[in-house]
Amino acid sequence: MGLQWMIIAYVVAAEAAVAVLLTLPSPKLLKRRLVSLVSMILQPALFIIPFAGFQLLDIYWKNEHRLMCTSDVCTAAERDRYEKAIYKAQRNVVLCASACFLYWCIFRICKYYKDLESLEEIEKRYKEE
């Protein structure tokens, strides 16, 4: 199970790095090439959305079927284990949500730059006429 969370963590880190690269000021030619490269990568990278959704369903199912350890019958070790599992589940939910959110942000940033580029071309054609 740890491999799945490691994959999502690396994907979130990569998405965050790409989002930072896209939003940093840079020369127009470099920005255009970076946006086109990221746009080509976006479609194959869409796998993260259903993958994160499946992981969220897994977390929900495990949360619904987890044994509660809130009474005085539980030992301190059992209570610590239960709380650690809850914290890990919360962390994993944040990872899944941030993976989906960062993918959406990158998609919107690329779309924004493409729309801006097409509007600049239209403006350029009108100025030439």
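No experiment lies behind these values; they were computed from the predicted model shown.
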Peer 1: Ile86 and Asn63: side chain to side chain contact (heavy atoms under 4.5 Å, CB included), yes or no, with the steps?
Peer 2: CA-CA 8 Å; Ile86 293 294; Asn63 190 38; 4.2 Å; yes

Peer 1: Check the hydrophobic clustering (I, L, V, M, F, W, Y; side-chain heavy atoms under 4.5 Å; chains of links allowed) and say if Leu3 and Leu56 are grouped together.
Peer 2: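 Per the 4.5 Å side-chain linkage, Leu3 and Leu56 are co-clustered.
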
Peer 1: So, using salt bridge (Lys or Arg N to Asp or Glu O under 4.0 Å) as the criterion, who are the partners of Glu121 when residues are at least two apart?
Peer 2: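 Salt bridge (Lys or Arg N to Asp or Glu O under 4.0 Å) check on Glu121 returns nothing, list empty.
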
Peer 1: Residues two or more places apart in sequence or in another chain: which of them pass side-chain contact (heavy atoms from CB on, under 4.5 Å) with Tyr10?
Peer 2: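 If we apply the side-chain contact (heavy atoms from CB on, under 4.5 Å) test to Tyr10, skipping adjacent residues, the hits are Met6.
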
Peer 1: Check the pair Lys84 / Asp80 against salt bridge (charged side-chain N to carboxylate O under 4.0 Å, His left out), numbers first and verdict last.
Peer 2: CA-CA 6 Å; Lys84 184 179 177 184; Asp80 288 343; over 6 Å; no

Peer 1: What's the separation between atom CG in Leu34 and atom CZ in Arg32, rounded to the nearest 0.5 Å?
Peer 2: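 Output value for this atom pair is 12.5 Å.
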
Peer 1: Do any pairs count as a ring pair (Phe, Tyr, Trp, His ring centres under 6.0 Å) and have a residue in residues 45-66, sequence neighbours left out, and if so which ones?
Peer 2: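 Of all non-adjacent pairs touching residues 45-66, those that pass ring pair (Phe, Tyr, Trp, His ring centres under 6.0 Å) are Trp61-His65.
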
Peer 1: Please tabulate, one pair per line, all N/O donor-acceptor pairs under 3.5 Å involving side-chain atoms of residues 102-118, not counting sequence neighbours.
Peer 2:
| unit_1 | atom_1 | unit_2 | atom_2 | d |
| --- | --- | --- | --- | --- |
| Tyr103 | OH | Leu42 | O | 2.7 |
| Tyr113 | OH | Leu22 | O | 3.4 |
| Lys114 | NZ | Ser39 | OG | 3.3 |
| Ser118 | OG | Asp115 | O | 2.8 |

Peer 1: Applying side-chain contact (heavy atoms from CB on, under 4.5 Å), name anything that partners Leu30, two or more places apart in sequence or on another chain.
Peer 2: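 Leu30: side-chain contact (heavy atoms from CB on, under 4.5 Å) contacts with Ser26, Pro27.
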
Peer 1: Of all residues at least two apart in sequence or in a different chain, which pass the side-chain hydrogen bond (donor to acceptor under 3.5 Å, both in side chains) check with Lys28?
Peer 2: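 So Lys28 forms a side-chain hydrogen bond (donor to acceptor under 3.5 Å, both in side chains) with Glu120.
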
Peer 1: When you look at CD of Gln43, are more than 12 heavy atoms from neighbouring residues, nucleotides or ligands closer to it than 6.0 Å?
Peer 2: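 Open.
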
Peer 1: Report the residues that fulfil salt bridge (Lys or Arg N to Asp or Glu O under 4.0 Å) with Lys127, sequence neighbours left out, ordered by chain and then residue number.
Peer 2: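 Expected list: Glu123.
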
Peer 1: In this structure, would Leu46 and Leu57 fall into the same cluster of hydrophobic residues linked by side-chain contacts under 4.5 Å?
Peer 2: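 Result: no, two separate clusters.
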
Peer 1: Could you work out, with side-chain contact (heavy atoms from CB on, under 4.5 Å) as the rule, every residue matching Leu119, not counting sequence neighbours?
Peer 2: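 Here no residue qualifies.
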
Peer 1: Going from CH2 on Trp5 to CD on Gln55, what distance comes out if it is rounded to the nearest 0.5 angstrom?
Peer 2: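 Separation between the atoms: 4.5 Å.
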
Peer 1: Quick one: name the residues clustered hydrophobically with Val20, using the 4.5 Å side-chain heavy-atom rule over I, L, V, M, F, W, Y, and just say none if it's on its own.
Peer 2: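 Direct or chained contacts put Val20 with Leu24.
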
Peer 1: Can you list, by chain and residue number, the hydrophobic cluster partners of Leu29 when the side-chain cut-off is 4.5 Å?
Peer 2: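 Joined to Leu29, directly or through intermediates: none.
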
Peer 1: So, taking the atom named CD1 in Ile48 and the one named CD1 in Ile8, what distance separates them when rounded to the nearest 0.5 Å?
Peer 2: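 It comes to 5.0 Å.
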
Peer 1: Is it the case that over 12 heavy atoms from other parts of the model lie below 6.0 angstrom from the CZ atom of Arg33?
Peer 2: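 At most 12 heavy atoms, drawn from other residues, nucleotides or ligands, come within 6.0 Å of this atom.
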
Peer 1: Donor-acceptor pairs are to be reported for all side-chain atoms of residues 94-101 against protein atoms at under 3.5 Å, with residues two or more places apart or in another chain.
Peer 2:
| unit_1 | atom_1 | unit_2 | atom_2 | d |
| --- | --- | --- | --- | --- |
| Ser98 | OG | Val94 | O | 2.9 |
| Ser98 | OG | Leu95 | O | 3.0 |

Peer 1: Rest of the hydrophobic cluster containing Leu37 (Ile/Leu/Val/Met/Phe/Trp/Tyr, side-chain heavy atoms under 4.5 Å)?
Peer 2: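 Met40, Ile41, listed by chain and number.
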
